[in-house]
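Heads up: the structure comes next, in structure tokens.
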Protein chains: 4
Amino acid sequence: MAKKNSYPLIIDSALTLIAEYGLEKTSLSMIAKKSGISKPAIYHYFSSKEVLLDHLFELLFKDYRFEQYFPMDTYTKDNFSRLLTDNGLQLLQEYEENPEALKIINHFIGYSGQNRAYDEKIKLILTEFLDGFQRLLLLGQRLGVIKKGDITAKAQILGLVLDNISSYLLMGIEVESTAVWSQAVSYVMEDD
Amino acid sequence: MAKKNSYPLIIDSALTLIAEYGLEKTSLSMIAKKSGISKPAIYHYFSSKEVLLDHLFELLFKDYRFEQYFPMDTYTKDNFSRLLTDNGLQLLQEYEENPEALKIINHFIGYSGQNRAYDEKIKLILTEFLDGFQRLLLLGQRLGVIKKGDITAKAQILGLVLDNISSYLLMGIEVESTAVWSQAVSYVMEDD
Amino acid sequence: MAKKNSYPLIIDSALTLIAEYGLEKTSLSMIAKKSGISKPAIYHYFSSKEVLLDHLFELLFKDYRFEQYFPMDTYTKDNFSRLLTDNGLQLLQEYEENPEALKIINHFIGYSGQNRAYDEKIKLILTEFLDGFQRLLLLGQRLGVIKKGDITAKAQILGLVLDNISSYLLMGIEVESTAVWSQAVSYVMEDD
Amino acid sequence: MAKKNSYPLIIDSALTLIAEYGLEKTSLSMIAKKSGISKPAIYHYFSSKEVLLDHLFELLFKDYRFEQYFPMDTYTKDNFSRLLTDNGLQLLQEYEENPEALKIINHFIGYSGQNRAYDEKIKLILTEFLDGFQRLLLLGQRLGVIKKGDITAKAQILGLVLDNISSYLLMGIEVESTAVWSQAVSYVMEDD
DNA sequence: TATGAATGAGTGTTCATTCAT
DNA sequence: GATGAATGAACACTCATTCAT
């Protein structure tokens with residue numbers, strides 16, 4: 001039936017199913033059934049289930065970069081505190097608005113324990129966020145808005161808090177995300 | 001062959017395999033093979049794979065309680081800062097010393113997305129830690145060693161940071177756990 | 001727990017379970033569970049499941065004999081019609097009062113297709129009923145109360161009807177058993 | 001290997017095996033082995049063993065209707081007795097010529113005790129035969145060829161006898177089917 | 001591009017039966 | 001008499017994958 005739309009159909013169906021059932025319990029049969037596309041046709045696009053998953057992985061994490069959410073060149077002495085707060089809240093809001101994506105991401109993270117490739121990439125991404133916060137705080141220090149003291153530790157606290165707020169949100173644990181992130185930000189800022 | 005040791009053999013083999021392959025990819029056949037015990041013998045002890053997993057879950061999370069790591073009745077005005085720091089580092093060190101347990105716990109957390117029962121229990125445990133920190137900070141406030149200000153947010157920061165440090169350790173992401181936790185603690189303390 | 005009562009407990013549990021689940025779906029585990037007797041203990045009394053079933057078979061069919069229901073030596077010229085009717089209705093009533101037994105019997109009959117031994121014995125029992133009716137009708141003929149004509153066919157009609165009424169009752173098909181049996185009897189009797 | 005013939009091969013193998021071993025003892029592995037078709041290929045056609053059995057059930061009972069054997073619109077005053085006799089004998093002969101089908105049918109009937117769906121359908125079929133005979137006898141009465149008296153009971157006798165003759169034939173019990181059925185018919189007919 | 005048909009290997013689970021005590 | 005522990009064989013079923021068309 002569907003001629004030209006098979007590819008996105010496969011992607012969509014796979015993502016929806018993975019969000020609900022996870023990576024391992026989502027079988028190619030399920031994807032074929034949901035998308036209305038035959039299994040061999042899926043193999044035409046993706047030479048194995050693993051390749052399909054890899055593709056989804058890239059899709060999901062492609063734009064998940066520190067600079068995407070915290071564009072350093074926009075930070076100034078005056079807007080530093082506000083931007084840092086807002087950018088973080090923006091990131092959290094994106095997750096709240098699209099919990100399905102967060103679910104899928106979490107399935108990949110859970111699966112990464114058994115898959116070297118994902119493991120490495122996820123480590124890279126998270127590390128890049130930690131480094132990003134460190135660079136940002138160093139900039140703040142130069143601008144004179146960030147307290148002296150262990151910059152690395154403070155950057156890591158920001159990274160750990162922001163990352164884990166979304167995990168808790170996903171699990172449905174009630175965290176006062178706005179208050180928590182604001183507190184964390186004000187903690188690293190020089191008192192006015 | 002093995003007579004009285006079947007039960008612990010099953011548990012051990014299951015834990016080892018789950019640490020490596022995860023909950024779903026660890027099959028009863030694998031457990032049977034590794035433990036040298038036949039599949040029906042496993043069913044003699046656990047009426048289903050699910051029951052076995054439940055048992056392991058309870059085993060792992062039984063003693064994971066806030067009071068276990070942060071015994072509130074030992075906290076005084078004088079030792080507050082030191083105890084809070086040490087207790088947290090103690091928790092982190094336990095994980096570093098037993099990374100396999102952490103791996104398994106993480107597999108259960110990953111699986112909880114597809115299993116209501118685990119989901120609820122894990123939420124309970126994490127929530128209890130957040131609440132524990134809140135009670136502890138309130139005590140500190142009464143003792144005059146904790147800064148005024150949003151206690152809830154601060155407690156959640158402590159919880160989120162401590163929890164996520166272990167996740168990052170598990171993933172092999174280098175975080176300066178000691179420095180980070182010390183910083184987080186000093187942040188909530190009244191300046192001396 | 002149970003010391004001296006194991007044997008009848010096994011029998012009772014087995015019969016109850018077979019009535020509900022049939023011969024094949026009733027496992028020794030089920031019998032052990034229901035009776036509260038361990039499987040090896042059951043093997044102490046019955047060297048195999050087959051032996052247990054054989055025993056139950058004998059128990060059920062021991063008293064199922066034509067003479068049991070139609071005692072020929074009580075039949076006279078005067079009571080012939082009434083006795084033939086009443087004895088048949090008596091047999092049907094027994095089944096209606098104890099449908100569980102009928103169910104079990106039916107399971108054995110169904111199973112007999114795969115078991116030579118049961119097959120032979122059930123054939124014997126049914127044949128004996130057919131022969132019984134034939135002997136009875138011959139007696140009636142000598143007494144002058146039974147019509148001339150094909151005695152064998154008439155006897156077989158009686159046997160087939162009586163046997164199948166109980167089958168239909170078991171299946172829950174509404175047959176007017178009393179009217180049907182009375183009609184069948186009056187059919188073979190000489191008109192008064 | 002086998003390309004287009006898998007479907008009938010499965011059906012045939014299943015029927016043959018069920019005739020010999022019954023519904024429960026016939027496993028999908030047996031069917032796969034006998035048909036030379038892999039188990040997953042069987043699942044390609046039938047989504048479960050139950051669905052396969054349902055299909056066979058429908059196949060077997062599809063044409064087993066009263067009108068199929070006793071077409072009422074062909075009955076007249078003159079041919080009534082002969083037709084009723086011949087049609088019944090025809091039905092019996094079909095069974096004698098295809099004892100395997102009868103065996104399978106009997107397995108389904110035996111299994112119906114544990115399966116509501118089959119139970120209901122079989123009851124329906126047998127009830128329809130009883131009703132059919134009743135309608136037929138009422139017609140005969142209007143034509144003046146059937147004795148007055150309890151029509152329902154007589155119809156049920158015909159149904160019970162005809163049905164049970166085939167059961168006895170299946171079991172290998174010697175019944176004089178022709179004589180018995182002829183007698184049963186002449187019993188309900190008005191004497192000439 | 002796409003499909004119906006097919007498969008080897010594996011899943012969790014249950015069976016009747018046996019062994020040591 | 002009775003039991004907990006154990007087993008080989010089988011069960012219905014699903015998996016990712018491939019082949020011929």
Side-chain angles (χ1 to χ4, degrees), chain A residues 1-7 24-32 36-53, chain B residues 1-7 10 24-32 35-53, chain C residues 1-7 24-32 36-53, chain D residues 1-7 10 24-32 35-53:
Chain A
M1 310 261 170
K3 285 273 136 95
K4 278 271 154 78
N5 306 326
S6 295
Y7 187 88
E24 317 202 39
K25 283 200 170 158
T26 297
S27 71
L28 281 185
S29 299
M30 290 162 75
I31 298 172
I37 291 163
S38 69
K39 269 186 284 183
I42 295 175
Y43 274 90
H44 177 77
Y45 291 101
F46 304 100
S47 57
S48 73
K49 186 187 178 183
E50 205 189 353
V51 167
L52 168 56
L53 294 186
Chain B
M1 311 275 162
K3 284 284 132 75
K4 275 272 151 111
N5 307 326
S6 295
Y7 186 87
I10 295 167
E24 318 202 42
K25 283 204 170 154
T26 296
S27 75
L28 284 183
S29 300
M30 289 161 76
I31 298 173
S35 64
I37 290 165
S38 67
K39 266 190 287 182
I42 296 175
Y43 275 88
H44 181 74
Y45 293 97
F46 303 99
S47 56
S48 72
K49 185 185 179 184
E50 202 190 354
V51 167
L52 169 56
L53 294 186
Chain C
M1 310 261 170
K3 286 274 136 94
K4 277 273 153 81
N5 305 327
S6 295
Y7 187 88
E24 317 202 41
K25 285 200 171 158
T26 296
S27 73
L28 280 184
S29 298
M30 290 161 76
I31 298 173
I37 291 162
S38 69
K39 270 187 282 183
I42 296 174
Y43 273 90
H44 178 76
Y45 290 100
F46 304 99
S47 58
S48 74
K49 187 187 178 182
E50 205 190 352
V51 167
L52 168 56
L53 294 186
Chain D
M1 311 274 161
K3 285 282 131 81
K4 275 273 149 112
N5 308 325
S6 295
Y7 187 87
I10 295 167
E24 318 203 41
K25 283 205 170 153
T26 296
S27 74
L28 284 184
S29 298
M30 290 161 76
I31 298 173
S35 63
I37 291 164
S38 68
K39 264 188 289 182
I42 297 176
Y43 276 90
H44 181 74
Y45 292 98
F46 304 99
S47 57
S48 72
K49 184 185 179 184
E50 203 189 354
V51 167
L52 168 57
L53 294 187

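No hydrogens, no waters, no symmetry mates; every other heavy atom, side chains included, goes into these values. A note on names: the letters A, B, ... follow the listed sequences, proteins ahead of strands, and every chain is numbered from 1.
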Residue closer to the 5' end of DNA chain F, D:P40 versus B:K39 (nearest nucleotide): B:K39
Distance from C:Y45 atom OH to C:L52 atom CG, nearest 0.5 Å?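 Taking OH in C:Y45 and CG in C:L52, the distance rounds to 13.0 Å.
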OP1 or OP2 of [N] sitting under 4.0 Å from any side-chain N/O of [X]?
{"X": "B:S38", "N": "F:dG8", "result": "no"}
{"X": "C:S48", "N": "E:dA16", "result": "no"}
{"X": "A:S6", "N": "E:dA2", "result": "yes"}

Write down the distance between [atom1] ([X]) and [atom2] ([N]), rounded to a whole number of angstrom.
{"X": "A:I42", "N": "E:dG4", "atom1": "CD1", "atom2": "C1'", "answer": "14 Å"}
{"X": "D:Y43", "N": "F:dT14", "atom1": "OH", "atom2": "P", "answer": "7 Å"}
{"X": "A:E24", "N": "E:dG10", "atom1": "CD", "atom2": "P", "answer": "16 Å"}
{"X": "D:Y7", "N": "E:dA5", "atom1": "OH", "atom2": "P", "answer": "11 Å"}
{"X": "D:M30", "N": "F:dA12", "atom1": "CE", "atom2": "C1'", "answer": "14 Å"}
{"X": "A:E50", "N": "F:dT17", "atom1": "CD", "atom2": "C1'", "answer": "14 Å"}
{"X": "D:L28", "N": "F:dT14", "atom1": "CG", "atom2": "C1'", "answer": "13 Å"}
{"X": "D:I37", "N": "E:dG4", "atom1": "CD1", "atom2": "P", "answer": "18 Å"}

Taking both distances under 3.5 Å as the test for a Watson-Crick or G-U pair, what stems of at least three pairs does DNA chain F have?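 Counting only runs of 3 or more consecutive pairs, the stems involving DNA chain F are E:2-21 with F:2-21.
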Give a yes or no answer on whether the side chain of A:K25 reaches the backbone of B:E24 with a donor-acceptor pair at less than 3.5 Å. no
What are the two closest non-hydrogen atoms of B:S38 and B:A32, and how far apart are they? C-CB, 4.2 Å
Just checking B:S27: base, sugar-phosphate only, or nothing, at a heavy-atom cut-off of under 4.0 Å? sugar-phosphate
Of the options E:dT13, F:dA2, E:dT7, whose atoms approach the side-chain atoms of C:A41 most closely?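 Ranking E:dT13, F:dA2, E:dT7 by closest atom to the C:A41 side chain puts F:dA2 first.
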Nearest to the side chain of A:Y45, which nucleotide is it out of F:dA12, F:dT17, E:dT1?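 Selected nucleotide: E:dT1.
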Toward the 5' end of DNA chain E, which comes first, A:H44 or B:S29, by nearest nucleotide? A:H44
If the C1' atom of F:dT21 is compared with that of E:dT1, how far apart are they to the nearest Å? 13 Å
Criterion side-chain contact (heavy atoms from CB on, under 4.5 Å) against D:I10, the qualifying member of D:N5, D:L28, D:I37: D:I37
Could you work out, with side-chain hydrogen bond (donor to acceptor under 3.5 Å, both in side chains) as the rule, every residue matching A:S29, not counting sequence neighbours?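 side-chain hydrogen bond (donor to acceptor under 3.5 Å, both in side chains) list for A:S29, sorted by chain: A:K39.
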